[in-house]
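In what follows, every heavy atom counts, from backbone to side chain, and hydrogens, waters and symmetry copies are set aside. Here the structure is a predicted model, which means the values were calculated and not measured. In listed order, ligands and their atoms are each counted from 1.
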Amino acid sequence: MMIVKTIGEIRDLVKGWRDEGFSVGFVPTMGALHEGHKSLMERAMAENDRVITSIFVNPTQFGPDEDFEAYPRDLAKDGALCDQVGVHAVFAPDAQELYLSDKCTTVHISGLTDVLCGSKRPGHFDGVCLVVSKFFNIIGPDKAYFGQKDAQQVAVMKRLVRDMNFEVEIISCPIVREEDGLAISSRNVYLSEEERKAAQVLNRSLKMAKSVLEQGERNAPILKAAILSCIIQEPMAKIDYVEVVDKENLESINGEIKNNVLIPIAVYIGKTRLIDNITFEV
Ligand code: PAF
């Protein structure tokens, strides 16, 4: 497996593959790789002739008070996992390689990014859209793989591709969970043992909501209230948001659920902000 640091080298590599007629899959990550990322890479390996994983802690998607500096970085460990899965190349550029100091282009998707995590993390999705647009332009993959845990990111990526005519298919992959149900995330390492137990409330509340939906409940405010009352029973949990939204356009549903629905939640356990979600086909 190759670790590639420059735009020129990765372009040459992909060009060589294209000349041989290979399809190319792409798994963008910020490193701190875990089972969730592994599942994305395995799926990409199964569906493409060649696979590139990017490892880049993207400064433009972190707010000034967020954990950019503290974000876990271990290229040797991450590279070993990529190697084990068998991906063909890791693209791990330095920030200076990707961003010129006088860069002045932004990529903003309105509407979809103004709600949920977007409203709590101003500029976050602009940074994600910018870096992913650059990766799509540099690599030109056939398929790109994202985890459904970041459901808003998946919706935003689909809109980015549609609106910018990128020739790439966005593949959303199922949430991978720990044995206790906690959605796997790079930020789980911040949780103490006690917080880790408390964090199970996210999955517990969503499982309850799913069974209520399965029993036929279609009233969004009733569902939302049931989730909120489940979460507030956990003293360590501080709710950031609980929403019931349309799965495609992320618009809030305030009455009866008529279309496929996404229920995303964001909850602080101690200082760590965790997200999770379920979808339900109507
Ligand atoms: O989901 C992530 O890890 C990041 O937002 C992404 C897509 C790699 C862009 O930096």
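Distances below 4.0 Å separate heavy atoms of Q61 from the following atoms of ligand 1: 4 (C), 5 (O), 9 (C), 10 (O). Residue P28 has at least one heavy-atom neighbour below 4.0 Å for each of these atoms of ligand 1: 8 (C). Residue T29 approaches ligand 1 through these ligand atoms, each under 4.0 Å from one of its heavy atoms: 8 (C). Shown in contact with Q153 at under 4.0 Å from a heavy atom are these atoms of ligand 1, numbered in order with element: 1 (O), 2 (C), 4 (C), 5 (O), 7 (C). Ligand-side atoms of ligand 1 in range of V131: 9 (C), 10 (O), range being under 4.0 angstrom from any heavy atom.
There is no side-chain donor-acceptor pair under 3.5 Å between Y71 and N58.
Of the protein's non-hydrogen atoms, M30 CG, 3.7 Å is the one closest to atom 3 (O) of ligand 1.
Annotation: F56 is not in aromatic contact with F91 [ring centroid separation under 6.0 Å not met].
The shortest side-chain heavy-atom distance between L182 and L191 falls under the 4.5 Å cut-off.
R73 forms a cation-pi arrangement with F68, by the criterion of a distance under 6.0 Å to the ring centre and an angle within 45° of the ring axis.
Checking H37, E47, R43 one by one against Y145, the side chain to side chain donor-acceptor pair (under 3.5 Å) holds for a single residue, E47.
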